[in-house]
Amino acid sequence: MDRNHSDDPLLAWRAEFPILGHTTYLISHSLGAMPRRAASRIAEFASTWADRGIRAWEEGWWDMPIAIGNLIGRIIGAGDGEVVMHQNVSICQSIVTSSLDWTGRRNKLVTEGLNFPSNDYIYHGLERIGARVVQVPSPDGRTLPLEHLLAAIDQETRLVSVSHVAFRSSYLQDLGAITRRAHDVGALVIADLYQSAGTVPVNVRELDLDFAAGGSVKWLCGGPGAGYLYVRRDHWNRLEPIFTGWAAHEQPFQFDGGPIRYAPDAHRFLNGTPNIPAMYAARSGYEIIHEIGVEAIRAKSIRQTSRLIRMADEAGIPVRTQRNPAKRGGVVTLDVPNGAEVTRELIRREVLVDYRPGAGIRISPHFYNSDDELDRAVQEIRSADGRCAPSAGHSTLYNPDPCAGM
Ligand SMILES: Cc1ncc(COP(=O)(O)O)c(C=O)c1O
């Protein structure tokens, strides 16, 4: 039975997300729905630029990478001033890894088979300056036994990179155990929080993470161009990123040439001109997630992902996500024959999901979804399944290939 607004208070948020009025939106692992109020924030950017011109920098724009980072900090457990905004995770990863010494014996970078590919692209680039990249493979493309990862972390490890929740399978990793092991042998940890922050509770300080990075496109409903980087405070004065720029200087407006003198605080992890419009667009999502609270979002997510799994079992649809909610992020993957074509048909019917080869159709309820929408998705899969033949083209409105969305 579907829950109404009185026994699922989070459904009251539906009115704030225009797309929910006409679409079954179950793809927040890829692009979270836009909050209505984001449109006025974007308009505010335009009017500030138009009316205040250059004065906008000192009236708020210059401070935005930290001020907006503080809004993320409230969601991931960081303190004020400990999160800086960047365009994307790739940039954050590049800044962190460019701060570390890859030349000595401690040159091992441990990554894992569920990590997002662009992180690994950056790590392999570091092999040119001495890094030894060791990837702990996933035995099945969906999970990663903790003991395999722990065994790879040793006295020669400089950095361990791990995805909190895997983008492909929603497998949830034990960041606490990984960080403890890394610190025991003197290694640092960077966690990719992209698929957890906003749907799975995470507290960077309680976990004692050294670094964390993520973006806003997905569960944070913040749109593109607003990535974030957390660096543990006591590392600041030891880290001097090679990937830098004038905004990282202790006195950026002196425009001094020669080697940089890094800012004493988290500004030292900035580089060039910040992405101001993206931060205007993103803040509404952060405010809404914070107001609801990730604990409440997670409780609903576990209830709804469990419901999806139950319905799939009843319909005989193979489930590829972890059944144990403690090992599962916000996504359920269902594996039907011709999954790409079934996905295309669902999208044609205004049920937005996506597909990953080896994982299946990815369905992600967020706080704004109703149980009815989940029921509809499973019914549509059942009705499309069997009618869809394999085909070469996967063109869709939002993504040229439903197998290629993030
Ligand atoms: C876990 C994870 N990390 C990183 C990325 C990509 O980050 P960016 O495009 O901000 O570099 C994605 C997906 O877009 C992701 O799911």
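In each ligand, atom 1 is the first atom listed, and ligand 1 is the first ligand listed.
Remark: ligand 1 atoms within the under-4.0 Å shell around heavy atoms of Asn88 are 8 (P), 10 (O), 11 (O). Close approach of ligand 1 to Phe167 (heavy-atom distance below 4.0 Å) involves ligand atoms 16 (O). Under a 4.0 Å criterion applied to the non-hydrogen atoms of Gln195, ligand 1 contributes the atoms 1 (C), 16 (O).
Look at Glu156 and Arg106 and you find no salt bridge, because none of the NZ, NE, NH1 or NH2 atoms lies under 4.0 Å from a carboxylate O. Using a 4.0 Å cut-off between charged nitrogen and carboxylate oxygen, Arg74 and Glu291 do not count as a salt-bridge pair.
When Leu31, Val89, Asp192 are ranked by how near their heavy atoms come to atom 2 (C) of ligand 1, first place goes to Asp192.
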Salt bridge (Lys or Arg N to Asp or Glu O under 4.0 Å) evaluation trace for Glu127 with Arg132: CA-CA 6 Å; Glu127 287 169 332; Arg132 238 175 343 125; over 6 Å; no
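Legend: residues meeting side-chain hydrogen bond (donor to acceptor under 3.5 Å, both in side chains) with His290, ordered by chain and number and at least two apart, are absent. Shown here are the salt bridge (charged side-chain N to carboxylate O under 4.0 Å, His left out) partners of Glu240, two or more places apart in sequence or in another chain: there are none.
Distance check, rounded to the nearest 0.5 Å: CZ of Phe253 to CD of Glu58 gives 9.0 Å.
Looking at ligand 1, you'll find an N or O of Ser90 within less than 3.5 Å of one of its N or O atoms. Considering backbone and side-chain N/O atoms, Ser118 never comes within less than 3.5 Å of an N/O atom of ligand 1. For the pair Asn119 and ligand 1, the shortest N or O to N or O distance does not fall below 3.5 Å.
With a heavy-atom cut-off of 4.0 Å, Lys218 touches ligand 1 through its side chain alone.
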